[in-house]
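What follows is a set of notes on a single structure, which appears directly below.
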Amino acid sequence: FCISYTIVAIASAEIFLPIFYRLNITSTYEYLGLRYNKAARYIGTFLYIILTVLYTGIVIYAPALALNQITGFNLWGVLVATGLVCTFYCTLGGLKAVVWTDVFQMLIMISGFLAVIIRGSVVQGGFQRIWNISREGGRLNFWDFDPDPLRRHTFWTIVVGGSFMWTAIYGINQSQVQRYLACRSMFEAKLSLYLNMVGLWLTAVCAVLSGLTMYSIYYQCDPITAKQVRAADQLLPYLVMDFLGDYPGVPGLFVAAAYSGTLSTVSSSINALAAVTVEDILKPNFTLSEKKLTWITRGLSLMFGVICIGMAALSSLMGGVLQAALTIFGVIGGPLLGFFLLGMIFPCANSIGAISGLVVSFVVTLWAGIGGQVYPPLDDKTRPLPVSIEGCLFNVTESTGTATVSTWTTMSQVTEPDFRPGIANTWYSLSYLYLSPLATLIVLIIGLIVSFLTGKSKQEVDERLLITRKSLVCFSYFANKDDHSEVKDVTEKTHKTEDKGQENPAFSHPEVNCSEKQNPILSTTYL
């Protein structure tokens, strides 16, 4: 995933950010209205709302499992409490509250990981033993280059599929874009994305090391097979209580770490949902004062918070938390990424072609995504690693039936349907990480074909709505090497201004209201 994060950071900073920042827009879906038409903007906004509500429900459910495992609190009570906390400070504090709490929550999250890794190393007599046990157990297979798209996790599915999926998150998703668009200059916005990339690397490395630590401790007594936990998402909380429960404050630190990631994501999602509803639905259709808009935004934050809490109740039916979240981003985020890229790359694309491509792409990926949930791929595609219970110091009993548990088993917990059609072993078994690139390609191909067939492929498009050579780093470098002095001077001045950016008036001069712009394309920009 670290390779994917690098690709995503570069693509977001050098391709998507300059376009959004130059237009001085509040909602990313304003771009769709400028590039295509109002219908495209409304469709993009509607899909984003569905995507974010579903995803946020999953995010609320994940730490609720952790708190339930550690404290024994009622799971549904924890879900409601988590959602209400996020909704409360989003409603009162807005984006500023979201950004500053994210900083603190990141520090707490990393601290929780480090507590697990350090304590595990002490228990195991050093990290070298953890590494050796993980290697002997087959947990260090970093370079699986199998090109089979039906394989769940390989180098290619994670790098290719993961890059498209995370680009849909960091490149066009309002929850993330609103953060770097709030920066004072384009330079600071790009810097924030690259610093975020480093933070993602750190988080990924800490998560991997925590997983290896957990495996090295339970490699001879798997808690799931031994019926000590109900789901794989409760393994790390179980480890914390097992090895860190006697240390005052440490279980609380872990719960705080789990909740930090949740609060960060949920708060930005609720804030973004309210922002796009106001900017893309209310403002274009109603004339409202700033005071009324402020109260409406707060009311929307409260409403979306309650809806997300309701969606969290459904998350328990979707299998693993992480896979469910990434599947949703593939099914909905992938088509949206193609929707934006079609307009940014191809001037010939029109609204009819773009919407047609989006609809076809969404139907196809939804079909594959639902099929994959109903008929999960077989073990020969997921290749679950073996786990053991031969070292357990207690009796392992089955909760149902009279079957005995073998010493070695696999972590396949999905109940198979009685009937399995042939398509389940091919189309439905497609790796969920490939849903996003598949959706993007479908939008591009269908969109271009329909655009040409409708005969409107030569429409005039403002250059600021497109990815041009001037936006690319390589072009800027070679342009500055041009021997023609006049062209060189113009190029240098233009790119120096675009790279540095100018102060965002929303931050430098609070009395200036950037959100009141009527037409970003025709108005004077501040960049």
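Please read these numbers as outputs of a predicted model, since none were measured by experiment.
- Between the side chains of Ser451 and Asn350, a donor-acceptor pair is found at a separation under 3.5 Å.
- Taking both residues in full, the closest heavy atoms of Leu17 and Met186 are given as CD2-CG, 3.3 Å, listed atom of the first, atom of the second, then distance.
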| query | Given Met344 and Ile19, is the side-chain contact (heavy atoms from CB on, under 4.5 Å) satisfied, shown in steps? | reply | CA-CA 9 Å; Met344 293 178 176; Ile19 293 178; 3.8 Å; yes
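- The distance from atom CG of Leu336 to atom CG of Leu47, rounded to the nearest 0.5 Å, is 5.0 Å.
- Proximity of Thr167 to Thr440: side-chain heavy atoms (C-beta onward) are nowhere separated by under 4.5 Å.
- Cys2 contributes atom SG, which lies 9.5 Å from atom CG of Leu202 (distance to the nearest 0.5 angstrom).
- Of the possible donor and acceptor atoms, none in the side chain of Arg464 sits under 3.5 Å from a partner among the backbone N and O of Asp462.
- Atom-to-atom distance recorded for Leu140:CG and Ser134:OG is 5.5 Å, nearest 0.5 angstrom.
- Considering every non-hydrogen atom in both Asp144 and Thr154, the closest pair reads O-CB, 3.4 Å.
- Residues Tyr180 and Tyr21 approach most closely at O-CE1, 3.9 Å, considering heavy atoms.
- Counting only distance, with no hydrogens or angles, the side chain of Arg151 and the backbone of Pro147 share no donor-acceptor pair below 3.5 Å.
- Within the 4.5 Å cutoff, the side chain of Leu430 has heavy atoms near those of the Leu435 side chain.
- Residues forming a side chain to side chain contact (heavy atoms under 4.5 Å, CB included) with Ala207 (at least two apart in sequence, or on another chain): Phe113.
- For the pair Pro347/Leu466, a side-chain contact is recorded, criterion being any heavy-atom separation below 4.5 Å from C-beta on.
- A donor-acceptor pair is defined here as one N or O able to donate and one able to accept, closer than 3.5 Å; such a pair exists between the side chain of Tyr31 and the backbone of Leu465.
- Rounding to the nearest 0.5 Å places CD1 of Ile332 at 5.0 Å from CG of Leu51.
- Atom CG of residue Leu193 and atom OG of residue Ser12 lie 6.0 Å apart, to the nearest 0.5 angstrom.
- For the pair Thr365 (side chain) and Val331 (backbone), a donor-acceptor distance under 3.5 Å is present.
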| message | Would Phe339 and Tyr36 count as a ring-ring contact (aromatic ring centres under 6.0 Å, His included) here? Give the steps. | response | CA-CA 10 Å; Phe339 204 28; Tyr36 301 121; 5.3 Å; yes
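- More than 12 non-hydrogen atoms from other residues, nucleotides or ligands lie less than 6.0 angstrom from OH of Tyr194.
- Between the side chain of Gln174 and the main chain of Thr26, a donor-acceptor pair closer than 3.5 Å is present.
- Classification of the Tyr48-Tyr29 ring pair by plane angle, with boundaries at 30° and 60°, yields tilted.
- By the side chain to side chain donor-acceptor pair (under 3.5 Å) test, Ser216 pairs with Gln124, sequence neighbours left out.
- Annotation: side chain of Leu300 is in contact with side chain of Leu282 (closest heavy-atom distance under 4.5 Å).
- The side-chain heavy atoms of Leu341 and Phe16, taken from C-beta on, include a pair separated by under 4.5 Å.
- Between His153 and Leu433, the closest heavy-atom pair is CD2-CD1, 4.0 Å.
- Scanning both residues, Ala13 and Pro18, for their nearest heavy atoms gives O-CD, 3.3 Å.
- For the pair Arg152 and Thr157, the minimum side-chain heavy-atom distance is 4.5 Å or more.
- Glu279 and Pro284 make their closest contact through O-CD, 3.3 Å (heavy atoms, listed as atom of the first residue, atom of the second, distance).
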| request: Apply side-chain contact (heavy atoms from CB on, under 4.5 Å) to Val159 and Ile7, showing your working. | output: CA-CA 9 Å; Val159 171; Ile7 296 172; 4.3 Å; yes
| field | side-chain contact (heavy atoms from CB on, under 4.5 Å) between Trp367 and Trp427, intermediate numbers included | value | CA-CA 9 Å; Trp367 174 30; Trp427 175 241; 3.4 Å; yes
| task | Could you walk me through whether Met214 and Leu236 pass the side-chain contact (heavy atoms from CB on, under 4.5 Å) test, one step at a time? | result | CA-CA 7 Å; Met214 181 168 54; Leu236 194 55; 4.2 Å; yes
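- Side chains of Gln373 and Tyr428 form no contact here, defined as non-hydrogen atoms less than 4.5 Å apart.
- Of the possible polar contacts, none joining the Thr213 side chain to the Ser121 backbone as a donor-acceptor pair under 3.5 Å is found.
- Taking CD of Gln176 as the start and OG of Ser192 as the end, the distance is 10.5 Å to the nearest 0.5 Å.
- For the pair Tyr434/Trp156, a side-chain contact is recorded, criterion being any heavy-atom separation below 4.5 Å from C-beta on.
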